[in-house]
Each structure stands twice: as structure tokens, then as C-alpha cells.
Amino acid sequence: MAHPQGSRAPLEFGGPLGAAALMVLLPATMFHLLLVARSGPARLLGPPPYLPGPDVLWSPRVLLLWLTWLGLQAALYLLPARKVAEGLELKDKSRLRYPINGFQALVLTALLVGLAVSAGLPLGALPEMLVPLAFAATLTAFIFSFLLYLKALGVPPSALAPGGTSGNPIYDFFLGRELNPRICSFDFKYFCELRPGLIGWVLINLALLMQEAELRGSPSLAMWLVNGFQLLYVGDALWHEEAVLTTMDITHDGFGFMLAFGDLAWVPFTYSLQAQFLLHHPQPLGLPVASAICLINALGYYIFRRANSQKNTFRKNPSDPRVAGLETIPTATGRQLLVSGWWGMVRHPNYLGDLIMALAWSLPCGVSHLLPYFYFLYFTALLVHREARDEQQCLQKYGLAWQEYCQRVPYRILPYVY
Ligand SMILES: NC(=O)C1=CN([C@@H]2O[C@H](COP(=O)(O)OP(=O)(O)OC[C@H]3O[C@@H](n4cnc5c(N)ncnc54)[C@H](OP(=O)(O)O)[C@@H]3O)[C@@H](O)[C@H]2O)C=CC1
Ligand SMILES: CC(C)CCC[C@@H](C)[C@H]1CC=C2C3=C(CC[C@@]21C)[C@@]1(C)CC[C@H](O)C(C)(C)[C@@H]1CC3
């Protein structure tokens, strides 16, 4: 069923062909990374050490473990929340309500895992299950996206995402048709964006750290740094959970294969690549270099957090004393654009901070291999592409005011370079 508004929307990601290619390439890349990280040469661009057969990929026990994890996170999502936040206004003028209890879910998961480990759960065995776990997550993402696609056939046009209604089933399956698929108050996209994948990522990191301690007597300094930096990132995301309600994933993109696979499989199994690499390729790291890397991460985090918080504070209440003195450009929508402070330096200061952190996560792995820098390279490409999509959307929303902003703040991410 094609919708008139959809047929006018320009196709992204190379249209149906690009979407089909990505649906093969993304899982293939994830499995390549998982296999190469544990191989001796660990060559990012070399062939994988072997092609996994069905006996390596498929394990009913692991599938059960994965479904239990999803069930646990869903149960934690349903617990009473300290706050219920409202999302942005939708096409039909309504606003959805979202529980703010992600940080609580992280703490409760940590407590439950702590209890289970002290009762004898061998967490250090998890790294051995990464390949079948990733397979279970990929399978879940495919089935889930298919069910979401079917569900979206029965919703009114006002519930559809602007981009996922081209009428081409492959493209719409990839991008997602429905903007905020829900059953009662359970919001699937919001749940997946912040819970099973992000918390799963730090749990995998922890398991790799414990496995390293078993193998070598104690975790290496490099492993501590990677675990600490990424835990800070995930903890920060869940602490500031409400801010995700204004990201383009929630406000603009439908919930289809791209986000379902990204959230459930890509994030936990590829974002933990540095820790996976370190388990199989220990790297010596002295205190002076470790301190310098900590400073780089702190700088990145500072820029990322301050820039995101400044925009969120401003969007919530432009007269808040923390942002009231900043220079702004009025727009025809009644909203204003910040043109001084962090958002007056470059048009995406938060991306800059995020990229600096990405570099700090790879540096503990040394410079002998390209593999641990995969996240930094992929993330640069993702953010450059995301920035272009966001610019397009802002130009549509704000027209001339956006053009004036671009003139006054000419650089996108890196001052004087890009
Ligand atoms: N680790 C990962 O894999 C990923 C991390 N991220 C991170 O997620 C965070 C959110 O990113 P994202 O959702 O892409 O976008 P942003 O948080 O950068 O938000 C972009 C929006 O901000 C508003 N805006 C832009 N310029 C201004 C301005 N000058 N003044 C006021 N408002 C402005 C516009 O929306 P409006 O005017 O409607 O408010 C625009 O659409 C980032 O920190 C990013 O680094 C993102 C993707 C992946
Ligand atoms: C599989 C493809 C390559 C594309 C998938 C992209 C997704 C993995 C990312 C799209 C936007 C994301 C965000 C975060 C994680 C990665 C995905 C899902 C985020 C939750 C990470 C933590 C941050 O603090 C954040 C700002 C909350 C992020 C929001 C966007």
C-alpha cells in the first residue's frame, strides 16, 4: 500500500538496491569482525579465518539465552519509572509518553549479574558464545522487522514515518514504515534503542575483561580503559535517556531492519570490538600513554556532553538562565537556532566530541592493527552521512533561517577542516 506523501519523499541509502545490499553487507561485516578479532593476524581487510557453518552459528541454548536477555530487559522497562516524559508533537497533534528508567535498568542488571556471578554463573564463558549470539540477534532482527512491517500495514497514514513509505517493500522494510510502533504503552523503538543492545554491549565488555583475568591472572590496563570509557558512554546515554526522544531515530526514522539490526546486533557485537581484540591480542600500555588517552577521552566526553546538554536545555526552555544569554536566529516555525556557544563553533559539536571519544577507545589497542580502529572509521562515515541527512531535514524545516545559520557557522564537524 503506497502513500502519496511517501511517493514524493526522496529515497535515501541508495534506494531499494542500496537497502538490499546493506541488509546483506551489514550482517556479513559484523560476522567478519567477530571472526577476525579472534584470529592471530586480526587483519581488518584480510579474509576471515574460516567460514562458520550451521553448527557454529546455530545453538538453541544460545537462542534461549538471547531471548531471556530480551525478556529481562523488557521486564525492567515495565517497572515503575522515576519519571514519564512526553515526546515531540506528532502529525496528529498528540504526544507519546515514555518511561525514564533506563539507568535504573542498568543498575538492576548489574545487581542481577553480580548475584548470578557470585552464585557461580560463568560470565567468562560468554566470549565463546559471541558468534552464535550474534546470529540469534540477527535472526531476531529479521523476524522482528518483518512483524513490524506487517503491523505497519494496518496503521493510519499519520502513524507512518516520513521516509519509509515509498511503496517499495524492500526499501520500506529496511527503513521502517511505522514511526513509533507500540503495543499498549510498550514502545519497541525506544526500548531497543537504549536497552538490550547498549546494556548488552557493556555486559559483553565485562565478560571479556573477566575472561582476560582468568587467562592472564588479571585484566590488562588497556582492557580496563576500554571497559571504563564505554561504560561511561552507556551510563551517560541512560542517565540522559530523555534526550534520545529528540534524536532523528525517534522523531524521523521508522522502525525497520536498519534500526532493529543496528540496536540489537550491530551495537553489542561490533561496538565491543576493541575489548574482543584485546582478549586475543594483549597490548602493553604504560601509565603515561594511558593517562594521555584518558585525557583525550575526557576532552571528547566534555565536548559531547556540554554540546548535547546545551541544546537540550535550550530546546526545553530557551529562557533557562544557562542558555538565555546565547545569540540565536529566529525561524518561521517559532523555534530558534543557537548561533553562539557550542553550536556557534561548528554545526555538530556533539559529533566532534563523540568522534574524539571513538578515537580514545581505539588507542589502548596500540597501533599495530587497523582492526580496533574499525569503530572510529565506521563512525566517521556514519556521522558524516547522518549530518548530511540532518542538514537536509533542517533545511526543509527552517528554510532561509537554516541557510543563514550555515553562513554564520560554516564548518559542520571539525572547525576549519570540515
Ligand atoms: N554512538 C553511536 O553509534 C551514535 C551516536 N550518536 C550521537 O547521538 C547524539 C544525537 O545525534 P543526532 O540525533 O544525530 O543529532 P543532534 O543531537 O545533533 O540533533 C540535531 C538536531 O538539533 C537541532 N539543531 C541543530 N542545530 C541547532 C542549533 N544551532 N540550535 C538549536 N538546535 C539545533 C535540530 O533539530 P530541532 O531544531 O528540531 O530541535 C537538528 O535536527 C549525538 O551526540 C551523536 O554523536 C548518533 C548516532 C550514532
Ligand atoms: C547498522 C547501521 C550501520 C546503522 C545503525 C545505526 C545505529 C547503530 C545507531 C543509529 C543511532 C544510534 C544512536 C545510539 C547508538 C547507535 C545507534 C542506534 C546512541 C543510543 C548511543 C549512545 C548515545 O549517547 C545516544 C545519543 C543516546 C545515541 C543515540 C543514537
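The structure displayed is predicted, hence computed values, not measured ones. In each ligand, atom 1 is the first atom listed, and ligand 1 is the first ligand listed.
Contact annotation for atom 26 (C) of ligand 2: protein absent (non-hydrogen atoms, distance under 4.0 Å). Contact annotation for atom 11 (C) of ligand 2: protein present (non-hydrogen atoms, distance under 4.0 Å). Distances from atom 29 (C) of ligand 2 to the protein include at least one heavy-atom value under 4.0 Å.
For Tyr411 and Tyr418, the ring centers are positioned 6.0 Å apart or more. Between Phe304 and Tyr233, the ring centre distance stays below 6.0 Å. For Phe144 and Phe188, the distance between ring centers is under 6.0 angstrom. Aromatic rings from His385 and Phe13 are positioned such that their centres are separated by under 6.0 Å.
Between Glu241 and Arg195 there is a salt bridge, since a side-chain N of the basic residue sits under 4.0 Å from a carboxylate O of the acidic one. Ionic pairing of Asp253 and Arg389 is present here: one or more N-O contacts between side-chain nitrogen and carboxylate oxygen are shorter than 4.0 angstrom.
In Phe304, the part holding a heavy atom less than 4.0 Å from any atom of ligand 2 is the side chain. No part of Leu22 comes within 4.0 Å of ligand 2, judged by heavy-atom distances. When heavy-atom distances to ligand 1 are checked against a 4.0 Å cut-off, Tyr375 comes that close only through its side chain, counted from C-beta outward.
Look at Arg386 and you'll find a heavy atom under 4.0 Å from some atom of ligand 2. The shortest heavy-atom distance from Gln393 to ligand 1 is not under 4.0 Å. Using 4.0 Å as the threshold, Leu382 has a heavy atom nearer than that to some atom of ligand 1. Under the 4.0 angstrom criterion for non-hydrogen atoms, Asp390 is in contact with ligand 1.
With distances taken over non-hydrogen atoms, the option nearest atom 22 (O) of ligand 1 out of Lys311, Gln392, Lys397 is Lys311. With Tyr398, Tyr378, Phe379 as candidates, the residue nearest to atom 4 (C) of ligand 1 on a non-hydrogen basis is Phe379. Of all the listed residues (Asp354, Asn308, Leu355), Asp354 holds the heavy atom that lies closest to atom 5 (C) of ligand 1.
Side-chain contact between Trp402 and Leu337: present, with at least one pair of heavy atoms (C-beta onward) separated by less than 4.5 Å.
Looking at Arg335 next to ligand 1, an N or O pair under 3.5 Å apart turns up. Taking distance alone, with nitrogen or oxygen atoms compared against 3.5 Å, Asp249 stays at or beyond that limit from ligand 1. Ligand 1 has a nitrogen or oxygen under 3.5 angstrom from a nitrogen or oxygen of Asn350.
Set against the non-hydrogen atoms of Leu26, the atoms of ligand 2 under 4.0 Å away are 1 (C), 2 (C), 3 (C). Remark: ligand 1 atoms within the under-4.0 Å shell around heavy atoms of Thr247 are 10 (C), 13 (O). When each atom of ligand 1 is checked for a heavy atom of His348 under 4.0 Å away, the hits are 18 (O). Each of the atoms 18 (C) of ligand 2 lies under 4.0 Å from some heavy atom of Asp263. Of all atoms in ligand 2, listed by their number and element, those nearer than 4.0 Å to a heavy atom of Val267 are 8 (C), 16 (C).
Figure legend: Arg182 and Tyr98 shown as a cation-pi pair, the cationic atom lying under 6.0 angstrom from the six-membered ring centre and within 45 degrees of its axis. Cation-pi geometry between Arg82 and Trp239 is met: the NZ or CZ atom falls under 6.0 Å from the ring centre, inside 45° of the normal.
For atom 34 (C) of ligand 1, the closest heavy atom belonging to the protein is Cys394 SG, 3.9 Å.
Between the side chains of Trp361 and Tyr373, no donor-acceptor pair of N or O atoms lies under 3.5 Å.
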Take Lys189 and Asp249, measure what salt bridge (Lys or Arg N to Asp or Glu O under 4.0 Å) needs, and give me the verdict at the end. CA-CA 9 Å; Lys189 187 166 59 167; Asp249 312 69; over 6 Å; no
